[in-house]
Each structure stands twice: as C-alpha cells, then as structure tokens.
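Heads up: the structure comes next, in structure tokens.
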Amino acid sequence: MSYEYAVIGGGIVGSCIAYGLTKYSRQVAVLDEGDIAFRASRGNFGLVWVQGKGWDYPAYADWTWQAAAAWPDLAAELLETSGIDVGLSQPGGIEMCLEDEELSSLEDKMRRISEHTDGGFHYEMLDHSSVLQRVPEISKEVAGACFCPHDGHVNPLLLFRALHQGMKQSGAEYLPNRKIEKIEFSGEEFRISGDFKDIHAARIILCAGLQNQVLGEMVGIRIPVIANRGQLLITEKVRPFLKYPTLHVRQTSEGGLQIGDSSEEVGLNDSTSNSVLSMLASRATRIFPMLENVQVVRAWAALRIMTPDGKPVYQESESCPGAFAIACHSGITLAAAHVGPVCQWIAKSKLNPLISQFSSDRFHV
Ligand SMILES: Cc1cc2nc3c(=O)[nH]c(=O)nc-3n(C[C@H](O)[C@H](O)[C@H](O)COP(=O)(O)OP(=O)(O)OC[C@H]3O[C@@H](n4cnc5c(N)ncnc54)[C@H](O)[C@@H]3O)c2cc1C
C-alpha cells in the first residue's frame with residue numbers, strides 16, 4: 001500500500017495531524033500500535049491551558065496563546081465534519097495558591113508571559129476575597145489565585161472520537177495494530193515495516209509519543225523524550241458548583257470532578273500509587289472542603305511526553321527530507337495549532353515563524 005502521507009501514531013497529536021492533512025491530500029494513512037501502547041491521549045486532564053506556559057520561552061507563550069484562541073473554530077469545524085460536540089468551554093481558568101510564596105512566584109511568571117505576548121495575554125491576580133467572589137466554595141486556606149480568561153477545557157475523549165471520525169470522513173485511513181519496527185528512506189520514499197505488509201509513503205510524520213525517540217533515529221531526527229507520570233482521581237457526580245476549570249480540579253459537564261496535576265519521573269511505569277493519590281486528594285480538599293464527603297470512583301495514571309525543556313518539538317529531518325517529528329506534553333491545548341499551522345508547514349512547506357523556534361536542534365548545540 002502506498003500513501004502520500006503516513007502518520008505514525010494515532011493519539012491526539014497524530015489524529016490532529018491526519019485530520020489537518022486531509023485538507024491537502026486524499027492519501028493519508030494513520031498507522032497505530034495496539035491497545036498495549038502507552039497513550040497519553042486516553043488519560044489526560046482535558047484542559048486548554050495557557051496560563052503559566054512559556055514564561056521562560058517567549059515563542060511557547062505565543063504559540064500556546066494562539067492555539068487556545070483558535071480552539072473555538074476547531075470545535076465548530078469538528079461539530080460540522082464529525083457531528084460530535086467536543087464540549088469546549090472557555091470561561092477562563094483559575095490556578096489556586098495555598099501559600100503566599102506560591103502566589104508571588106505565579107504572579108512573576110504571568111507578568112513575563114504578558115510581556116512576551118505584547119500584552120495580548122491577559123490575566124488577573126486575585127486575593128482571597130476576590131477568589132471567593134468567583135468560587136464561593138473555597139476554604140480559608142486559599143491565599144489567592146490567578147484568573148486567565150484564555151483558559152478552558154474540553155472532553156478529551158470526545159475530542160479524540162471527533163478527530164478520528166472527522167479524518168475518516170475526510171478520506172484518511174486508520175490502520176490499527178501496526179507497530180512500526182523499521183523505517184527506510186530510498187531517497188524518494190519511505191518504506192515502513194513491522195509485523196504487517198510493508199507500507200510506502202512519500203512523507204511520514206512521527207507522532208508516536210514516547211516512541212518518537214527510537215523511530216526518529218531511523219530517519220535522522222534526534223528527539224529526546226522523557227516519560228512523566230501524571231495521576232488522576234475521578235469522583236462521583238455532584239451538583240454543578242465549579243464554573244471555572246482550575247489547574248488541580250475541574251468539574252466535567254456530567255458533574256464528576258477530575259482531580260490531578262501530579263508529576264513524577266518513574267520511567268515507563270503507568271501504575272498509580274497511594275502516596276500520590278492521597279496527596280492529590282489532600283490538596284483538593286484543602287481548596288474545597290466540601291470534597292471531603294465526595295466519593296472517589298476511579299483513579300488512573302498516564303505518561304506525559306516530556307522534552308528536556310518541556311516545550312514542543314517540530315522537526316523535519318535533514319538527512320531524510322519528508323520525515324517530520326512532533327512531540328509535546330500539551331496536545332489538547334495545542335490541537336488547533338496542530339490541525340492548522342503545523343499541517344500547513346508539512347503540506348506546503350509554509351514555515352510559521354513560531355514553528356521554527358521549536359526545532360530539536362536546541363538540544364544538540
Ligand atoms: C495525566 C496527564 C494529564 C494531561 N493533561 C493535559 C491537559 O490537561 N491539557 C493538555 O493540553 N495536555 C494534557 N496532557 C498531555 C496530552 O495528553 C498529550 O500531550 C497528548 O495526549 C500527546 O498525544 P500523542 O498523540 O503525542 O501521544 P499518545 O497519546 O501517547 O499517542 C502515541 C500513539 O503512538 C502510537 N505508537 C507508539 N509507538 C508506535 C509504533 N512503534 N508504531 C505505531 N504506533 C506507535 C501509540 O499506539 C499511541 O496511539 C496530559 C497528559 C497526562 C499524562
């Protein structure tokens with residue numbers, strides 16, 4: 001089988017790229033490993049989150065902010081092409097701080113992001129009583145918070161389904177149970193092989209999450225990725241009370257609460273641990289005492305795809321032109337940027353000036 005584009009990996013990133021590429025070609029295939037693969041796309045928190053991103057890297061602040069601004073158009077487009085409402089809500093988001101030092105460090109980061117985006121990025125630092133006005137359920141322990149009007153959340157599983165449905169309807173082929181073991185470049189095309197009949201493609205896009213490092217080496221792309229474990233708690237459904245998503249707790253449209261934001265480097269281990277889950281529960285109840293009486297119904301862990309500096313990588317191979325690699329830890333937030341400018345870069349060689357600042361060359365100077 002032969003395609004113009006073979007996207008390797010069918011997580012959120014690969015699905016965004018395949019969906020976006022169908023606007024340029026009718027010959028797009030997604031080759032995806034089976035159910036045992038690590039899949040961040042099925043275990044994430046669903047935030048479209050701008051605040052805090054890129055305070056130390058101006059291009060990332062801009063990139064994230066632009067991606068979040070493009071989200072409403074993507075949600076509308078997916079509703080039209082797939083018939084699925086991904087549940088986007090962007091009422092603004094809140095990061096709660098329990099300590100004064102935490103609050104002043106956050107304020108410093110927000111000021112720097114605002115400077116990087118020429119004032120386009122807005123935020124408001126809130127003292128305890130201002131937080132209370134927006135979220136009356138907080139405890140006395142909350143020192144203050146940052147409110148950012150660009151933030152929001154989606155249902156990440158519906159997003160996943162909408163992208164898959166949308167790409168199939170637009171002509172892309174999804175090929176599951178294709179674990180890529182070898183990629184060869186003839187000078188004109190790529191031969192992709194594994195435990196299946198060889199597949200040929202003029203261009204390949206590596207979106208294989210934690211496997212991108214191994215696959216990248218086959219086409220001359222050095223893309224360091226580190227597994228970063230995040231654990232999550234899900235509660236029973238409760239009355240709607242949390243109008244704004246927060247970094248640690250968000251209420252889904254069905255009423256359940258997601259509690260999260262842990263970060264650990266434990267290799268390829270995606271099991272949960274009682275110590276981290278109880279830390280998450282304790283922080284959440286310190287912010288919202290009412291949660292003490294709410295039942296937890298599920299918990300899981302998933303592995304983030306982290307680069308050494310935490311910023312995304314967009315790279316085309318120099319030795320095998322036509323091979324691209326993408327790695328990022330905020331694939332939900334950046335979805336609209338991947339469907340839009342990143343696909344334009346791949347299909348039309350139109351390099352958005354921001355994309356060029358995310359080359360993996362920065363790790364190899
Ligand atoms: C706990 C947690 C919370 C998060 N919260 C948020 C959030 O709130 N907001 C946000 O923006 N982001 C969040 N993220 C990050 C987000 O989930 C990821 O950025 C995104 O899912 C990455 O998608 P991906 O497609 O690159 O990787 P994955 O979902 O890991 O997909 C990789 C795919 O590649 C395939 N694959 C691997 N190896 C091969 C191979 N050899 N051959 C073929 N296929 C292969 C796998 O089958 C898999 O489908 C969170 C992540 C975690 C873990």
Side-chain angles (χ1 to χ4, degrees), residues 6-18 29-50 52-53 64 67-68 71 93 151-157 159-160 163-164 174-183 192-196 199 204-216 218 223 225 227-234 245-250 258-264 268 270 272 276 280 299-307 310-314 325-338 342:
V7 178
I8 297 176
I12 286 287
V13 172
S15 305
C16 282
I17 296 301
V30 179
L31 318 181
D32 201 11
E33 199 184 335
D35 277 344
I36 55 159
F38 291 110
R39 291 166 149 172
S41 303
R42 293 170 195 233
N44 67 75
F45 206 65
L47 294 176
V48 174
W49 209 249
V50 182
K53 304 253 181 78
T64 306
W71 240 111
D151 291 332
H153 54 161
V154 288
N155 181 320
L157 296 179
L159 168 63
F160 204 26
L163 287 166
H164 272 247
Y174 175 71
L175 305 170
N177 303 315
R178 306 292 202 286
K179 180 175 182 186
I180 310 314
E181 271 151 23
K182 198 165 166 195
I183 306 172
I192 305 161
S193 45
D195 193 11
F196 51 86
I199 289 171
I204 58 167
I205 305 94
L206 304 181
C207 305
L210 292 167
Q211 281 298 305
N212 261 2
Q213 183 157 349
V214 175
L215 296 177
M218 297 178 193
I223 180 166
V225 284
N228 178 289
R229 184 168 73 177
Q231 303 192 35
L232 255 83
L233 290 166
I234 309 293
T246 79
L247 191 59
H248 302 96
V249 183
R250 78 175 186 101
Q258 288 203 346
I259 301 171
D261 207 36
S262 66
S263 167
E264 302 163 273
L268 298 179
D270 65 353
T272 54
V276 171
L280 294 178
W300 69 71
L303 301 178
R304 296 185 186 90
I305 295 115
M306 204 56 93
T307 60
K311 315 298 180 293
V313 169
Y314 304 105
I326 301 173
C328 73
H329 78 76
S330 286
I332 306 296
T333 306
L334 296 175
H338 293 161
V342 170

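Ligands are counted one by one from 1 in listed order, and the atoms in each one are counted from 1 as well. Residue numbers run from 1 in the order of the sequence given.
Contact check on Asp32 versus Arg39 returns a salt bridge, with a Lys/Arg side-chain nitrogen under 4.0 Å from an Asp/Glu carboxylate oxygen.
Distances from atom 38 (N) of ligand 1 to the heavy atoms of Lys182, Gln211, Arg250 show the closest one on Gln211. Between atom 2 (C) of ligand 1 and the options Asp270, Asn44, Ile8, the minimum heavy-atom separation is to Asn44. Evaluated by nearest non-hydrogen atom to atom 36 (N) of ligand 1, the leading choice among Glu33, Arg178, His153 is Glu33. Of the listed residues (Arg42, Arg229, Arg304), the one carrying the non-hydrogen atom nearest atom 52 (C) of ligand 1 is Arg304. Closest heavy-atom approach to atom 22 (C) of ligand 1 among the candidates Ile305, Ile12, Leu334: Ile305.
No part of Ala301 comes within 4.0 Å of ligand 1, judged by heavy-atom distances. Contacts between Leu232 and ligand 1 below 4.0 angstrom, taking non-hydrogen atoms only, involve the side chain exclusively.
No option in Val7, Ile180, Ile192 other than Ile192 meets the side chain to side chain contact (heavy atoms under 4.5 Å, CB included) test with Ile204. Residue Leu303 forms a side chain to side chain contact (heavy atoms under 4.5 Å, CB included) with just one option from Leu268, Val225, Asn228, and that option is Leu268.
Residue Gly9 has at least one heavy-atom neighbour below 4.0 Å for each of these atoms of ligand 1: 33 (C), 34 (O), 35 (C). In the vicinity of Thr333, heavy-atom distances shorter than 4.0 Å reach the ligand 1 atoms 9 (N), 10 (C), 11 (O). Contact atoms of ligand 1 toward Gly230: 1 (C) (distance under 4.0 Å to a heavy atom of the residue). When each atom of ligand 1 is checked for a heavy atom of Ala302 under 4.0 Å away, the hits are 53 (C). Residue His329 has at least one heavy-atom neighbour below 4.0 Å for each of these atoms of ligand 1: 12 (N), 13 (C), 14 (N), 15 (C), 19 (O). If you number the atoms of ligand 1 from 1 as listed, the ones under 4.0 Å from a heavy atom of Ala37 come out as 46 (C), 47 (O). Near Gly46, the atoms of ligand 1 lying under 4.0 angstrom from a non-hydrogen atom of the residue are 7 (C), 8 (O). Shown in contact with Phe45 at under 4.0 Å from a heavy atom are these atoms of ligand 1, numbered in order with element: 3 (C), 4 (C), 5 (N), 6 (C), 8 (O).
Counting protein heavy atoms only, atom 26 (O) of ligand 1 is closest to Val13 CG2, 3.3 Å. Asp32 OD1, 3.6 Å is the protein heavy atom nearest to atom 48 (C) of ligand 1. Protein heavy atom in closest approach to atom 19 (O) of ligand 1: Gly331 N, 2.8 Å. Looking only at heavy atoms of the protein, atom 30 (O) of ligand 1 is closest to Ala40 N, 3.0 Å. Scanning all protein heavy atoms for the shortest distance to atom 7 (C) of ligand 1 gives Leu47 N, 3.6 Å.
Using modelled atom types, one finds no donor on one side chain facing an acceptor on the other under 3.5 Å when comparing Glu33 with Gln211. Side-chain polar atoms of His153 and Arg250 form a donor-acceptor pair below 3.5 angstrom.
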Under the side-chain contact (heavy atoms from CB on, under 4.5 Å) rule, what do Phe45 and Asp261 come out as? Steps first, then yes or no, please.
-> CA-CA 8 Å; Phe45 206 65; Asp261 207 36; over 6 Å; no
Ser330 and Trp49: side-chain contact (heavy atoms from CB on, under 4.5 Å), yes or no, with the steps?
-> CA-CA 8 Å; Ser330 286; Trp49 209 249; over 6 Å; no
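Put simply, no part of Trp49 is less than 4.0 Å from ligand 1, judged by heavy atoms.
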